[in-house]
Amino acid sequence: MTPALDRSRELAADVVGGLGSILASRTLRPVRPDRLLRLLRAQRRFGVNAGFLLAAAAELHPERAAVIDEAGSVSFAALDAAARALAGALHSELGLGSGSRLAIICRNHRGFVEASAAVARLGADLVPLNSDFAGPQLGDVLAREGVAAAIHDAEFAAVLDASGFAGARILADADAGHSLAALRALGAPEAPAPDSPGRTVLLTSGTTGTPKGAVRTIPARALLPLALAGLTDLARIKPTPRSGNPIVVAPPLFHLYGQIGLMAGLGLGSPIVIRRRFDPEATLAGIAEHGAGVLLAVPTMLKRIVDLPPATGRRYDTSTLQLIASGAAPLAPELSTAVMDRFGEVLYNGYASTEVGAVTLATPADLRAAPGTVGRPTGAVSIRILDADGRELPQGETGRIFVGSPMLFDGYTGGGGKEVIDARMSTGDVGHFDTGGRLFVDGRDDDMILSGGENVFPQEVEETLLAHPGVADAAVSGVPDPDFGQRLTAYVVAKPGAELGAEALQDHVRGALARFKVPREIEFVDALPRTSTGKLQRRRLDELDRTEQ
């Protein structure tokens, strides 16, 4: 039997298994013909986005909570009505509609969800903005993307002032003035049907410069393969998440990972539990209070949760958790083990990017057998590991990761895109497959350090340093060296009360890795520069203030 036939039969079995899981979990239920007709009309009108998914959830589960935030809860019906009224006002008062582009710079609260759905109902493009942007960087992005209006929290008024943005500004978290509440209260007529579905422009992390805008849509031709892929992926998640089961979404909603959580909640008819700012203890409290079945978090968030004092963790009943999804940044092997030891066999690790969408999924069994893996390809994805000349590498060898998927992005708004070979797009990462067919991401292609003729990817050294019980955080970079070309320097954050020395940490690395991967220098610092989703900003490492150990 050929490998291709084996794979086809495996996928077919997964589709059947996924459908069985959905039926067993009662996620899908019969829909009245009139409601089904309205859903189809909404999908045709808006496309597949927050506008359609919110309208569908309001039709199917009107009284069910859609968002639970610090202000309380709001139902799907109420949130959909608010988004409809807001879209009408944005059209009639500001002239916004198909072809317009609106930005959102908000914390995680219901205003973000309402605004996202309203923009989708208009057929306008949505540009979620990173809340960490400084004024000049924000100004560059707003100008490049041609943004006509910005929906923002009051705390971001100053940074918008500094950006020089001259478009319309609408407050998301106020009840007076030029705000979402005031626009809704105008009672404007419903916005006309858009000429075409709006798009989402997700910004890259900007860890190596000004963020790029990646245009994302879900084309109609991708709906069937994505649906089949979803069934195969659900077959790997035990038990299957149930409709109505609360989902705690810890990452910021402006990020791809936060968007995945938002869309999952709307699609499942499940309330999303969100907070303006991440707090590890408050996250456990939210799980316990609402009986959440799913937690989405990035690795730095998970680390802060497991690092809470044991007595703090015991205050909260988290036994309802059936799935903890980690993503957006590397999950260190020791952290994955610590999370499962704390919460049970419920941890899943995903690999995705703004440009190629979801790529792989690692189950708890994968993470126990091969800590650090990002798992196997999702149902709609094919992966190749290629060398510098585009040739496929054998299992176990590290090379560039190329992905084939119906969710490849449409290109950068400023022009250009990612390299494509044989209909597969580069992720910008390097990695390898193990003998079990599991993918490991070894680092960024442009992060590689050439030291003394040897290739070193910082992530491997960082994970080894993080395995030391006294290390809270670590980063490794290459600095110019007259003899070696580059030499490895490590920046280490010590855990409170830990007594660490450079030589002891070098011995620790030497005991696990090849000699040429041992940092020549170790600098102790108070904190590392990371984005709000936990990605390391390597270009800022040389700005750090050193501490004494």
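Positions are given from 1 along the sequence.
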Heavy-atom neighbours of D161 CG exceed 12 at 6.0 Å: yes
Pair E289, Y316: side-chain N/O donor-acceptor within cut-off below 3.5 Å: no
Non-hydrogen atoms of G293 and N245 that approach each other most closely: N-OD1, 3.1 Å
Residue pair R276 / N108, side-chain heavy-atom distance below 4.5 Å: no
Nearest non-hydrogen partners of D153 and A172, listed with the distance: OD1-CB, 3.7 Å
Residue pair L183 / H178, side-chain heavy-atom distance below 4.5 Å: yes
Donor-acceptor pair between S75 and E63 side chains, under 3.5 angstrom: no
Test applied, side-chain hydrogen bond (donor to acceptor under 3.5 Å, both in side chains); reference residue, Y351; option that passes from T427, T373, T360: T427
Donor-acceptor pair between S243 and R64 side chains, under 3.5 angstrom: yes
Side-chain donor-acceptor pair present, T300, R530, cut-off under 3.5 Å: no
Short N-O contact, D69 and R275, less than 4.0 angstrom: no
Over all atoms of both residues, closest heavy-atom pair of K238 and Y348: N-OH, 3.1 Å
Carboxylate-amine/guanidinium proximity below 4.0 Å for R236 and D366: no
Least distance between heavy atoms, F112 atom then C106 atom: CD1-CB, 3.8 Å
Exercise: identify the closest heavy-atom pair between L335 and P299: CD2-O, 3.4 Å
Gap between atom CD1 of I272 and atom CG of L268 - 0.5 Å precision: 12.0 Å
